[in-house]
Amino acid sequence: MSETTKFRIKDTGEKDLPGLVFRFHFLGESGSRQRKLRARNVAAVWLALGMFFLSVLPAKANVTVSAPSVILIESSTGEVIYELNSTERRSPASITKIMTLLLTFEALDAGKVHLTDQVTTSEYASSMGGSQVYLAAGEIQTLETMIKCIAVSSGNDASVAVAEHIAGSEEAFVALMNEKAQALGMADTHFVDCCGLSDSDEHYTSAKDVAIMSRELTTAHPDIFNYTKIWMEDIVHETRQGTVNFTLSSTNKMLKQYQWTTGLKTGSTSKAKYCFAATASKDGIDLIAVVMGAPDYKTRFGDAQTLLTYGFGVCDLYIDENKDALLPIAVEGGVEDETDVRYQKEFRYLDTGGNDLSTVEKVLDLPENIQAPVEEGAEVGKARYLLNGTEIGSVSILAAENIEKAGYGDYLRRIFDFFLLLP
């Protein structure tokens, strides 16, 4: 009599594994012989199980952090590599200043302010407690110096002074911060100040939202790294009491602990505990790791380094700048017989599965002709990208010019031109 033992494996995590069934048949033997065979086959099953789990469990199973809320993303694509309670609303402390810096750089790009602007410290700005650079009421510094005070030493006083310079008051600036958060899709964020000193329950964000605004700041305004990479730098306080040198010291100890660190912002209060938005760049890959609510500053930096090291270990980035020339497409019924076409943008794909990205195939889906009228910027086709036979993304191909529909007079002119060309 034969006996069949069946094992069905089911993951207890986020998704069920495929319905994998192992069957082992034990022949009708008696006593210890049968027990030995059974034990041997069960051991084989568990070995197979171990190998199977290693190959199919999500990558996040390999990451261990202590902070209650974290996220790791690749900057250029925004792809999430790892997350833990990433939408949990938490007090952000001084990583609030990422939004302050973002609005400052946007104002610079718009020409509303300039790095050489003379920023006057108000009595209110000077009164800020917590992390500060000890700006005196009435003290004047350039906007660039104020940016250094915020990015390097996390000055609350400098943050308020800049907010007042840009928007007229901190209150008006905070309104701009919340508008920008909404525009970026930061669904779990609300600010009540520009520096993060507040312990109000109405001042909150999430690890995911911090990653969003960090990505916006660093990709749209990469000049921020000119400031966040500073370890130490002297500024000069010039007040009625005299001239005093003051050394700005970076709060980001990862600059000395992790060689690929580029920024970005630390923060801590008794309510927020220890927070950190870390940026790093290695081998053409830029990562953002956000840690919130860590129990101490060492854990904050340790978790960030764990996340970044993991990310660099599993990430591979495929980039097609799409600078190759495309052939024109014929236009039917237009004042021109063809139109030039162009790619909408470059293509990027983040792989964390160890695939050979040299095997990515690019396929152009373009019609033989299109009908007039043609509007510049209209999609006329796609460039599709395949990896192992599966589409991993696409980029639109656009018309590069306007082609109007031909009228009666246009056809007459063509006929006339045709006869002129006859010998």
Side-chain angles (χ1 to χ4, degrees), residues 13-14 57-75 77-99 101 131 151-152 154 186 188-189 196 204-215 217-218 224-225 228-229 231 249-283 285-315 350 352:
E14 295 181 346
L57 279 181
K60 69 180 184 180
N62 299 321
V63 179
T64 301
V65 293
S66 298
S69 178
V70 304
I71 194 170
L72 174 68
I73 70 168
E74 194 279 319
S75 183
T77 62
E79 292 290 331
V80 175
I81 304 165
Y82 176 85
E83 58 185 335
L84 174 67
N85 301 322
S86 66
T87 60
E88 182 178 87
R89 294 180 176 182
R90 304 188 67 88
S91 179
S94 283
I95 54 177
T96 298
K97 296 183 177 81
I98 295 170
M99 181 61 80
L101 290 167
S131 177
V152 179
S154 193
M186 296 167 59
D188 296 296
T189 295
Y204 57 82
T205 188
S206 66
K208 179 180 179 181
D209 285 357
V210 173
I212 289 173
M213 65 178 177
S214 299
R215 181 185 180 223
L217 173 60
T218 55
I224 184 61
F225 294 127
T228 59
K229 289 181 181 179
W231 178 245
S249 298
S250 179
T251 61
N252 182 3
K253 306 312 176 187
M254 284 267 288
L255 288 171
K256 293 297 184 180
Q257 297 172 357
Y258 193 69
Q259 67 184 100
W260 296 288
T261 301
T262 56
L264 180 63
K265 192 70 199 72
T266 62
S268 63
T269 63
S270 58
K271 181 176 183 178
K273 298 184 180 178
Y274 291 84
C275 305
F276 188 25
T279 57
S281 181
K282 179 185 178 185
D283 298 332
I285 294 177
D286 299 313
L287 300 180
I288 299 171
V290 179
V291 176
M292 298 192 72
D296 55 69
Y297 76 93
K298 289 184 178 180
T299 299
R300 165 178 67 186
F301 294 129
D303 282 353
Q305 184 168 334
T306 295
L307 290 166
L308 293 169
T309 300
Y310 170 75
F312 287 128
V314 300
C315 287
L350 181 70
T352 58

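Not measured: the values here are computed from a predicted model.
Between Phe276 and Leu264, the shortest heavy-atom distance links the atoms CE1-N, 4.2 Å. Minimum interatomic distance between Thr299 and Ser66 (heavy atoms only, all atoms of both residues): CG2-CB, 3.5 Å. A pairwise comparison of heavy atoms in Ala277 and Val210 identifies CB-CG1, 3.9 Å as the closest pair. In terms of heavy-atom proximity, Ser69 sits nearest to Arg90 at CB-CD, 3.8 Å. Nearest heavy atoms, Pro68 versus Asn85: O-ND2, 2.8 Å. Among all heavy-atom pairs drawn from Lys97 and Ser154, the shortest one is NZ-OG, 3.1 Å.
Remark: side-chain polar atoms of Thr96 are not paired, donor with acceptor, to backbone N or O of Pro92 under 3.5 angstrom. Under the 3.5 Å distance criterion, the side-chain polar atoms of Asp303 are matched with a main-chain donor or acceptor of Ala67.
Sorted by first and then second residue, the side chain to side chain donor-acceptor pair (under 3.5 Å) pairs with a member in residues 266-276 read Asp201-Lys271, Thr251-Thr266; sequence neighbours excluded.
Between Trp231 and Lys253, some side-chain heavy-atom pair lies under the 4.5 Å cut-off. Looking at heavy atoms from C-beta onward, Glu83 lies out of side-chain contact with Val70 at the 4.5 angstrom threshold. Inter-residue side-chain proximity for Leu307 and Tyr82 is flagged as met; some heavy-atom pair is nearer than 4.5 Å. Using a 4.5 Å cut-off on side-chain heavy atoms (C-beta onward), Leu84 and Val65 make contact. Under the 4.5 Å side-chain criterion, counting only non-hydrogen atoms from C-beta, Asn252 is in contact with Phe301.
The environment of Tyr297 atom OH is sparse: at most 12 non-hydrogen atoms of other residues, nucleotides or ligands sit within 6.0 angstrom.
For the residue pair Asp209/Thr189, the side-chain donor-acceptor check at 3.5 Å is satisfied.
Between atom OG1 of residue Thr218 and atom CD1 of residue Ile98 there is a gap of 9.0 Å, rounded to the nearest 0.5 Å. Between atom CE of residue Met292 and atom OG1 of residue Thr205 there is a gap of 6.0 Å, rounded to the nearest 0.5 Å. Put simply, CD1 on Ile288 and CD1 on Ile71 are 9.5 Å apart, with the number rounded to the nearest 0.5 Å. We find the CH2-CG distance between Trp260 and Leu308 to be 10.5 Å, quoted to the nearest 0.5 Å. Between the SG atom of Cys275 and the NZ atom of Lys265 there is a distance of 10.5 Å, given to the nearest 0.5 Å. Rounded to the nearest 0.5 Å, atoms CE (Met254) and OG1 (Thr262) are 9.5 Å apart.
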